[in-house]
Every structure is written in structure tokens, then in C-alpha cells.
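Encoded as C-alpha cells, the structure appears first; notes follow it.
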Amino acid sequence: MVFWHILHEAIIMIPTQLEDLIHQALKKAQKKGDLPKFPIPPITVTRPRRGQGDYSTALPLQIVKQVNNALKEQGGDKLAPIQIAEIVIKRLPPADFLDRAEAAKPGFINFHLSPAWLAQQAGVIAQQGPDYFKINLGQDKKVQVEFVSANPTGPLHFGGARNAAIGDVLARLLENSGYQVQREYYVNDRGAQMDTFARTLWRRYQQLFGLDVDIPPDGYPGAYMIGYAEKIREAHGDSLLHLPEEEAIPRFRDLGLQIVLDELKTDLALMDVHFDTWFSEQSLYDDGTFARVFAILSEQGDLYEKDGAVWFRASKYIGGDKDEVFVRSNGEPGYFASDITYHYHKFVVRGFDWVIDVWAVDHQNQAKRLPPALKAFGIDPNRLTIVLYDLVTLKRGGQEVKISKRSGDIITLREVLEEVGSDAARYFLLSHSNEARIDFDLDLAVAQSNENPVYYIQYAHARSASILRKAAEAGFAPNSAHLDLLTCPEELALLRKMLQLPEVVAFALEKLAPHHLPHYALDLAKTYTNFYGHCRVIATDPADKPLTEARLMLVQAAKLTLAYVLGLMGMTAPEKM
RNA sequence: GCCCGCGUAGCUCAGUGGAUAGAGCACUUGCCUCCGGAGCAAGGUGUCGCAGGUUCGAAUCCUGCCGCGGGUACCA
């Protein structure tokens, strides 16, 4: 199994393998005296923009100075970058996937994949299925992705959808790259907000029975609160009506919380987002974690009193520019205290190797102050990555629609998903870089037209399914025996594009930037459709059976590739549309 | 004020220090006896916000400026 992983990785991550080949070539050239001795720098192989081979490196340009400095010391003649390129190519060990390497001015090395090898990959992909694309970057490391984590005081509004999409796709990327992933929703179930929520709910409940009471002035005016109260009435009738306030508030807090959490679960399930854990903030105080954190900081002299509050000496740690209130003067721990305690729990109690928090950009200040604070516990701040994304503006026909209205009502995730569908919503939310603001136009997202690439991609998948069905009826089946017949440019272009998927996954993961997936998917669909347009798959002449079978294998491989990338984005891959 | 992000084609957006900066949409022109036309082929657009700097090489890195958004609480 271990061997298989190594072998497998070698097959798919071609740039990595090329980098290794170049490294070998450099060492050999040095040994043979073609090049002087100098420390070999990290080598990067990239995909050139166009027409310059499948992969390329600018290494000769990068090392020319070092090479010539070393030559000068030896009294040798200077080398031009392109000469270095030629030396490296001469010493390059052979590889089955490589057709040739060429030097290009002013000093690039361009690599061309072997067409015969490419054609065979159709069979390998079709046979291995999704495993073909799985890369083992994580080596079973335990990583937590914490996302959404909206306050449990009402339905999830549409702004949360972007968080859900980003977090979920990061989790999917990690899962498919050899990490052990836990998806967590942090439930802010304590503090003043929760109290206000409970008091509002209680009043709404009383109102249902005709009591003349108002919701608190700072309460939650949204109509959904009445819906929650009705649910409580259904379950408990009037039995809670005359509880004394000090009993009613905690009771309604618990009942309301349960209703909201159930609602969040069902709403998030509409976009196929599911959490492994719903972590209670209150539990940090109930199980003694907070007390422990307080004691540790206290012992270290990281806490001090000022103006009746307890402050955390953040300035003591590199990156912490000013001290933070830890326990407020009213005796309540502040948000920062909870946050530190929560992350202490993640790293020290639960032992995650890596934690990714997905936060909206309006939390940027916390994102800055939290990592340095981890050092107080000896936790390497690099084990925490906070992914910040910009906000979503909802529009309809170019006009902005407020997600949160003055009335307290909101545009919910559920409403939008019911209108545009999960696939279209996900695609659109994912297709922008995290740092970009999004204008989400409902009319545009819902339009089943050329303006919406979602359907184009899914259509490519459905069309593959259709071809395979139709071929089966005609008595054809995919077959690897004659893959060498796959030689036309459109076929090879499709194979090249499919081969790129693991590289895209690795890149998206490295940058924690899911938006590369939709762009790749569109590209793949386009390449596939181009193949479809140029290469008739199901032959009309029985003599063409071998080519038909080979192309069916390619179609099957393309279908798997499309399904895999759609799956990474949490989108469906329909057999029919 | 200070901190963070953004500014790329008419519009929406990609772009990893490399070669002639790319997609989709929109627009024009062809193509439906054809495996699914939600399609295909061809056509042309750019002071990469502005000005410097680093580099053999900058949309990309650095500095300053302009514009937009966000942050700068004993709120979360």
C-alpha cells in the first residue's frame, strides 16, 4: 500500500517528477564536468502559457549567474543560459512520459509529453477511477476545518453560504489529498446575544397566548422568532407560560438553541454541507478548559488587572501589538478569552496538527491577534491558518438586495438555494478568489443559459453518460486494447487537461484557494466539448470498432474526471439533464 | 490617522518573478440529414489604477500616491 502510494504519486505529479529529473541532470552534469560546482537551488517546473511544450522551467536563467561566477573562479569561459539548458537536456534521464525536452531562447527548457504515453492514460484513469487523482500530500495528518460558525440565533443568512462553500470545498480538497479531516461548527451558545435571543423567544411565546408583552428593545425582531415560538408551543403547549423569568430564560435558551441548530443542519444539508462536530462554546466553561487556560496564563504572568478588568499581555508575544481584555469588568470572559480557550482546546486537548478557520473579512482584526496569542501555550502559530474571504452582495437584476433588512428579516440561505439551486450557488460562490468581493445576482445565477457555466460543465458530463449509454446499445464497450489510435490533437488535448487535475488540486490546496477548481472545470468541459465536436465517438462503419472502443475509453475517463472535479466542488454530476 | 484587501478587455473574473497577459458573457459572421445545438468554428478589443524602484526579466516583489471596501470596542 505504501509502495502503491509512492508509485502512484510518481505517475500523476509530473511536475514533481520533472523537477527531480532536472535535479539529477544537474548533478550528473556537475559530476561530468559540464557544469561547475554550485549549490543546486530549488527547481520549479510550471505549465507555460501556450505553445511552449507541456511543462517548462526557467532554471537556466535563474542559475546563470552562479554558474558563471563559479566558472570565473576556475578560469573557464562564460556560458549563455541557453547553453546551460542544452547541457541539462543532454544529461536528463529518460522517462516514459517524456517525449522530448527542448532548449528555447533566452534560456528555457520546454518539456513535451509523449503522445503514446498520454493515450494510455485514458485506460489508467478509467481503470483507477477517482484514485487516479488522489495525491498524498497530507500523510494522514489531522486537520480541522472550522467554518460557518454563525451565531445560533436565527436562520443562516445568505452571506453564510460563501463561508459554507469555501470551508466545505477546502475540507473536500484535504480529504482527497491524504488528510484526516474534521468539519466543525463552533456554536456561540453563551454570552449576551444568546440571552437576548432567549428573552425575545420567551416573549414571542407569551404573545402567542395573547399576553400583552413586547420583545426586548434590543431583541430580535425578525418574523422567524415567531416561528420558533410556535414550534415550542406545538411541543409544550402552554406549560411554560407561567414559569418565573429566571427559569424561563435558560429554558427558552436551550429550546431555542436546539431549534436553531436543527434548522441550520437541514439548511446546510440543502447544499450538501455536513459537519462532524458542533462544538459548544459553553462547554469550554463547563468542562474546566477555561479555568485551565486562565491558570496557565496566570502562572506565566500573562494576565494583569486594570480598570476592573483582567487583561492578557498580548504585547509580550511577537505579533501581538497591544494587550487585550480577557475578563471584562462585569466578570464575563470576553470573546478573545473564548477564542483563545477554544483554540487551546483544538490544539492541546484534541491534538489537531493543523487547524483552518474560515472567517469573513470583517473579522480580520481577530485573525491578526489570535495567532500570536497561541504562543502563550507553546503552540506554533503556523499550525493555525485563518482563511479570510470578502463579503457577498446580493443583487437582483443589477439592484442590490439587502441580506439583512431593517425589519430584522433576512435573506436566508434556504431561500436562495430554493431559487437558484445548490449547484449554481456553489459554482458562483466558488469561482471568485477568497479576497474578491462578490456580487451575487440571483437572476444571473438562476438563468439556465449560456451565461451560466454551471450547466455547460454538467452538460459535458451528461453528454458523456449519454454517449456511453448509446454505445452500449449499439454493442460497443470501452476497451484499452487500441488506445494507440488516440492520436488527434483534440484527443491529446483532452488527456493533457485531465492530467492537470492533480496539479490543480495541489495548487488550490497550497493556496487554500478553491476558486481554481471552477476555472479548471470550465476549461476541462471546454476541452471535452471540443473533442466531442471533432472526433465522432460511435462509429457508423463497423470496421472502425477499435477506434470507437478507444474513444469510449477516453469518454469514460473524461466522465470520471468531470465527476471528480464536480465532486470536489460539492456539485452533482448528472447522468441526464 | 493607522492596519488589511481589492483596482486586469464593454461586463463578470482568472493569472505560480518568465516567453506574444487569458477565460466566460456580450457583439459579428458562418454551421442544425450530424453520438444531446445548454453546441462548434472564425473574428478584436488592454496606459494590467498612477508614478518610481528592485531584477537578465514585473500584472506579479518594494515604496509613494489615487479610488473602492473592510478593520481599528470591557460586541461577537
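Just so it is clear: chains get the letters A, B, ... in the order the sequence lines come, proteins before strands, and each one is counted from 1.
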Just call it for Tyr532(A): base, sugar-phosphate, or nothing, with non-hydrogen atoms closer than 4.0 Å on any strand. base

Nearest listed nucleotide, side chain of Lys470(A), among G36(B), G71(B), G18(B): G36(B)

Determine the interatomic distance between C1' on C56(B) and the same-named atom on C66(B); round to the nearest Å. 32 Å

Checking N1-N3 plus N6-O4 or O6-N4 for Watson-Crick, or N1-O2 and O6-N3 for wobble, each under 3.5 Å, the partner of G10(B) is C25(B)

Closest approach to the side chain of Asn151(A), judged atom by atom: which nucleotide of C35(B), A76(B), U72(B) is it? A76(B)

Measure from the side-chain heavy atoms of Arg469(A) and tell me the nearest of G36(B), C56(B), C34(B). G36(B)

Looking across every strand, which nucleic acid part, if any, lies under 4.0 Å from Asp390(A) by heavy atom: base, sugar-phosphate, or nothing? nothing

Side-chain N or O of His516(A) versus OP1/OP2 of G15(B): is the shortest distance under 4.0 Å? yes

Taking the P atom in each of G57(B) and U20(B), what is the distance between them to the nearest angstrom? 14 Å

According to a strict under-4.0 Å criterion, is His515(A) in side-chain N/O contact with OP1 or OP2 of G15(B)? yes

Taking G71(B), A23(B), C56(B) as options, the one with an atom nearest any side-chain atom of Leu522(A) is A23(B)

Starting the side chain at C-beta, find the nucleotide from G18(B), G36(B), U72(B) nearest to Asn365(A). U72(B)

Let me spell it out: for each of Lys105(A) and Phe531(A), pick the nucleotide of RNA chain B with the closest heavy atom. Which residue's pick is nearer the 5' end? Lys105(A)

Hey, is the side chain of Lys65(A) poking within less than 4.0 Å of OP1 or OP2 on C56(B), counting only N and O atoms? yes

Residue pair His112(A) / Glu102(A), side-chain donor-acceptor N/O under 3.5 Å: yes

Run the salt-bridge test on Arg396(A) and Asp441(A) with the 4.0 Å N-O cut-off and return the result as yes or no. no

Looking at G70(B), A38(B), A14(B), which one has an atom nearest to any side-chain atom of His519(A)? A14(B)

Using only side-chain N and O atoms of Ser466(A), determine if any of them is under 4.0 Å from OP1 or OP2 of G36(B). yes

Scan nucleotides 40-43 of chain B against the protein and return all N/O pairs shorter than 3.5 Å with their distances rounded to 0.1 Å.
unit_1	atom_1	unit_2	atom_2	d
C40(B)	OP1	Tyr456(A)	OH	2.8
A41(B)	OP1	Asn530(A)	OD1	2.8

Classify Ala436(A) by what it touches in the nucleic acid, base, sugar-phosphate, or nothing, heavy-atom distance under 4.0 Å. sugar-phosphate

Could Arg100(A) and Phe111(A) be counted as a cation-pi pair, given that NZ or CZ must be under 6.0 Å from the ring centre and within 45° of the axis? no

Test of ring centre spacing under 6.0 Å for Phe279(A) and Tyr185(A): no

On a whole-Å scale, what distance lies between the P atoms belonging to U29(B) and C34(B)? 26 Å

So Glu332(A), base contact, sugar-phosphate only, or nothing? Heavy-atom distance under 4.0 Å. nothing

Any luck finding a side-chain donor-acceptor pair between Asn110(A) and Tyr55(A) under 3.5 Å? no

Using a cut-off of less than 4.0 Å, is there contact between a side-chain N or O of Ser433(A) and OP1 or OP2 of A14(B)? yes

Ring-on-base stacking between Tyr459(A) and G36(B), under 5.5 Å between centres and under 30° between planes: is it there? no

Quick check for you: among C35(B), A19(B), C3(B), whose closest atom lies nearest to any side-chain atom of Asn110(A)? A19(B)

In whole angstrom, give me the gap between the C1' atoms of C13(B) and C65(B). 26 Å

Any idea which of G5(B), G18(B), C74(B) is nearest the Arg437(A) side chain? G5(B)

